[in-house]
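Report on the structure given below.
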Amino acid sequence: MKFDEYYRQYYGRIVAFARSYVNDEMVAQDIAADSMVKLWIHLKENPEADLHNWLFVIVKNLCLDYLKHQRIKQKALAEVSLWKIQDLDFKISSLDRYEYDSVASGEIRKIVTRVLSEQTERTRSIFIRSRVYGKRNCEIAESMGLSEKNIEYHITKVLKVLKIALKDYLRVLILFVLLGFIIHR
């Protein structure tokens, strides 16, 4: 039997056989195509061979390979999913136990107070007017007889130091900002 005869006679059956196991039309067609390539190579080497049984063994093995790969993939996805669930549980648990005026907020206040105490009187005064009292840079500049650029310099200077000093509290600070935004809406 020639290759084109095998193809016409078996391709549709191979696709149906593979689809019954892999449950995916495109994958079944890929398996059938791979099987036909292997058949073509084998027929070149053995032109007189009867390959009916051989062909279905090849299809069976390709289906098995695909299904085993799918099982490994699903196990890996399940493990990742389990890790994500555990991570979410941890986050939920920590937020459930979180109190707005927790120890961390006290530590943050101490760090901010320390950083401000290390600044010059002028820098500290400018920063407090801006961030505590909400004054605009132009208002601060006018009241202190300085330029707005000078005001920006002092505020930026303190913010850089605070950013370094508070790097370990970034998540808590973001939560404070969000809570403050939600509370003040």
Side-chain angles (χ1 to χ4, degrees), residues 18-19 21-31 33-34 61-185:
R19 185 179 48 239
Y21 287 97
V22 299
N23 296 322
D24 185 316
E25 181 67 27
M26 296 301 289
V27 172
Q29 289 177 9
D30 287 346
I31 289 172
D34 290 347
N61 289 337
L62 289 172
C63 287
L64 279 170
D65 291 346
Y66 173 80
L67 292 171
K68 287 175 183 177
H69 176 73
Q70 289 300 94
R71 180 176 53 195
I72 291 168
K73 187 174 159 183
Q74 290 302 319
K75 282 183 178 180
L77 288 172
E79 287 176 17
V80 168
S81 181
L82 179 62
W83 179 84
K84 285 182 178 180
I85 289 170
Q86 289 172 341
D87 184 51
L88 285 172
D89 287 345
F90 172 76
K91 288 177 180 176
I92 290 168
S93 157
S94 65
L95 279 174
D96 275 346
R97 287 182 270 127
Y98 181 81
E99 294 183 24
Y100 187 68
D101 287 326
S102 69
V103 174
S105 66
E107 291 174 14
I108 290 170
R109 281 192 202 107
K110 287 178 185 176
I111 292 170
V112 171
T113 302
R114 180 184 50 79
V115 166
L116 286 175
S117 70
E118 293 170 353
Q119 304 302 313
T120 64
E121 179 60 38
R122 175 179 280 177
T123 300
R124 183 172 43 251
S125 175
I126 290 170
F127 188 81
I128 290 172
R129 289 179 188 194
S130 171
R131 294 306 193 253
V132 176
Y133 296 114
K135 299 287 184 183
R136 294 191 334 242
N137 290 357
C138 63
E139 294 172 325
I140 300 168
E142 187 178 315
S143 70
M144 295 182 78
L146 300 169
S147 71
E148 282 188 53
K149 287 288 183 192
N150 196 282
I151 301 302
E152 289 172 15
Y153 164 78
H154 288 283
I155 293 170
T156 302
K157 180 176 146 183
V158 175
L159 288 175
K160 283 181 183 178
V161 176
L162 284 173
K163 181 180 176 183
I164 293 167
L166 295 171
K167 71 181 184 305
D168 295 333
Y169 295 95
L170 182 61
R171 279 188 170 170
V172 175
L173 287 172
I174 290 171
L175 188 59
F176 281 163
V177 170
L178 290 174
L179 286 174
F181 175 74
I182 292 168
I183 291 169
H184 290 97
R185 282 186 98 194

Minimum-distance pair of heavy atoms, taken over all atoms of [X] and [Y]:
X: Val27; Y: Val22; result: CG1-CG2, 4.0 Å
X: Ile140; Y: Ile126; result: CD1-O, 3.9 Å
X: His154; Y: Thr123; result: ND1-OG1, 2.7 Å
X: Glu148; Y: Ala141; result: N-CB, 3.9 Å

Could you give the distance from [atom1] ([X]) to [atom2] ([Y]), rounded to the nearest 0.5 Å?
X: Ser147; Y: Glu152; atom1: OG; atom2: CD; result: 8.5 Å
X: Asn150; Y: Met144; atom1: CG; atom2: CE; result: 8.5 Å
X: Leu62; Y: Leu67; atom1: CG; atom2: CG; result: 11.0 Å
X: Leu162; Y: Gln119; atom1: CG; atom2: CD; result: 8.0 Å
X: Asp24; Y: Tyr66; atom1: CG; atom2: OH; result: 5.0 Å

Check: Leu77 main-chain N/O paired with Ser81 side-chain donor or acceptor under 3.5 Å: no
Residue pair [X] / [Y], side-chain heavy-atom distance below 4.5 Å:
X: Arg129; Y: Ile151; answer: no
X: Lys160; Y: Thr156; answer: yes
X: Leu166; Y: Val115; answer: no
X: Leu64; Y: Tyr21; answer: no
X: Ile155; Y: Arg131; answer: yes

Between Glu118 and Arg114, is the closest basic N to carboxylate O distance under 4.0 Å? yes
Evaluation steps, side-chain contact (heavy atoms from CB on, under 4.5 Å), between Lys135 and Ser143: CA-CA 11 Å; Lys135 299 287 184 183; Ser143 70; over 6 Å; no
Between His69 and Asp65, is there a side-chain donor-acceptor contact under 3.5 Å, judged purely by atom types and distance? no
With no hydrogens and no angle check, just 3.5 Å: does a side-chain donor-acceptor pair link Gln29 and Glu25? yes
